[in-house]
Amino acid sequence: MIPNNLKHKPIYVIENYASIDGQYKGEENTDVKGLSIGKAQWDSKEFVPSVKVWRKRNRWSPQSEETTLTRALDMATLIIKVLDKYYNEQDIESIDTVFGSVEIQERNEELEKALNKYLLIEQNKKDLNTHIDILYQALKRYKEETDKILCNK
């Protein structure tokens with residue numbers, strides 16, 4: 001069970017993340033016990049929302065990661081752009097935002113080959129596409145509902 005007594009204060013949680021953790025799914029294969037959106041641990045004066053990956057083997061791990069919502073969305077964008085390159089042979093374009101544009105750079109040719117090999121494994125592709133389908137449906141519904149609200153104003 002995701003703890004409530006640590007510095008990151010969960011608001012929404014996925015408790016049984018191990019059951020859907022991609023190639024690591026299953027309690028014996030993963031140390032990730034959950035995901036949460038909550039109050040960031042690094043700012044006690046004001047409310048800053050963050051997402052957290054909760055890791056545990058024998059105790060809660062200091063390697064549990066926490067980051068802002070926008071950074072998590074930017075990571076999802078980076079992932080989609082890289083997958084689009086590998087699976088659909090699209091050029092990786094920069095990420096354009098209202099704050100400016102950032103380039104996506106390829107850094108390590110040897111590791112890029114390892115990533116390509118990983119992405120070619122059918123089970124990995126299936127796991128990724130399952131998670132992308134879930135994300136796509138959530139994004140689609142969010143955008144449709146948000147657009148309805150904006151059109152009615």
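Hydrogens, waters and symmetry mates are skipped; everything else that's a heavy atom, side chains included, is used. No experiment lies behind these values; they were computed from the predicted model shown.
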Is Glu65 salt-bridged to Arg71, cutoff N-O under 4.0 Å?
-> no
Looking only at heavy atoms, what is the nearest atom pair of Ile2 and Glu15, with distance?
-> N-OE1, 2.9 Å
Can you check side-chain contact (heavy atoms from CB on, under 4.5 Å) on Val48 and Lys39, steps first, answer last?
-> CA-CA 6 Å; Val48 176; Lys39 181 182 183 298; over 6 Å; no
Taking the six-membered ring of Tyr17, is NZ or CZ of Lys33 closer than 6.0 Å to its centre and within 45° of its axis?
-> no
d(Ile79 CD1, Leu135 CG) to nearest 0.5 Å is 9.5 Å
Close side-chain approach of Ile92 to Lys85, heavy-atom, < 4.5 Å = yes
Give, for atom CG of Asp74 and atom OG1 of Thr97, the distance between the pair rounded to the nearest 0.5 Å.
-> 7.5 Å
Once you round to the nearest 0.5 Å, how far does CZ of Phe99 lie from OG1 of Thr70?
-> 8.0 Å
Transitively linked via ILVMFWY side-chain contacts under 4.5 Å: Leu139 with Leu73?
-> no
Crowded around Tyr118 OH? As in, over 12 foreign heavy atoms under 6.0 Å?
-> yes
Rounded to the nearest 0.5 Å, how far does CD1 of Ile134 lie from NE2 of His131?
-> 6.0 Å
Minimum heavy-atom separation for Leu111 to Asn108, with atom names?
-> N-OD1, 2.9 Å
Got Ser64 and Arg55 here, is their nearest side-chain heavy-atom distance under 4.5 Å?
-> yes
Please name the pair of heavy atoms, one in Leu119 and one in Lys125, separated by the smallest distance, quoted to 0.1 Å.
-> O-CB, 4.1 Å
Over 12 foreign heavy atoms within 6.0 Å of CZ, Arg141 | no
What do the steps show when you test Glu112 against Tyr86 for side-chain contact (heavy atoms from CB on, under 4.5 Å), and what is the final call?
-> CA-CA 10 Å; Glu112 184 181 16; Tyr86 281 95; 2.8 Å; yes
Do Ile121 and Tyr24 belong to the same hydrophobic cluster, where Ile, Leu, Val, Met, Phe, Trp and Tyr are linked whenever their side-chain heavy atoms lie under 4.5 Å apart, directly or via other members?
-> no
Within 45° cone of Trp54 ring axis and under 6.0 Å: Lys52 NZ or CZ | yes
Flag the pair Lys148 and Glu145 as a salt bridge only when some basic side-chain nitrogen lies within less than 4.0 angstrom of an acidic carboxylate oxygen.
-> yes
On a heavy-atom basis, the closest approach of Glu66 and Ser50 is OE2-OG, 2.6 Å
CD on Glu106 to CD on Glu109, rounded to 0.5 Å = 8.5 Å
Honestly curious: do Ile95 and Leu83 fall in one hydrophobic cluster under the side-chain, below-4.5 Å linking rule?
-> yes
Can you get from Leu128 to Leu78 by hopping between Ile, Leu, Val, Met, Phe, Trp and Tyr side chains that sit under 4.5 Å apart?
-> yes
Considering only heavy atoms from C-beta outward, does the side chain of Gln23 approach that of Gln123 to under 4.5 Å?
-> no
So, Ser94 versus Asp96: side-chain donor-acceptor pair below 3.5 Å or not?
-> yes
Can you measure from CD (Glu122) to CG (Asp127) and round to the nearest 0.5 angstrom?
-> 10.5 Å
Of all heavy-atom pairs between Ile37 and His8, which one has the smallest distance, and what is that distance?
-> C-NE2, 4.2 Å
Between Ser36 and Val13, which heavy-atom pair has the shortest distance, and what is it?
-> CB-CG1, 3.7 Å
Is it possible for you to say whether Ile132 and Tyr87 belong to one hydrophobic cluster, with membership spreading through side-chain heavy-atom contacts below 4.5 Å?
-> yes
Any side-chain heavy atom of Lys25 sitting closer than 4.5 Å to one from Thr30?
-> no
List the steps, then state whether side-chain contact (heavy atoms from CB on, under 4.5 Å) holds for Thr67 with Met75.
-> CA-CA 10 Å; Thr67 194; Met75 282 190 269; 3.8 Å; yes
Check whether more than 12 heavy atoms from other residues, nucleotides or ligands sit under 6.0 Å from atom CD of Gln137, and answer yes or no.
-> yes
Can you find a pair of side-chain heavy atoms, one from Val51 and one from Leu69, that are under 4.5 Å apart?
-> yes
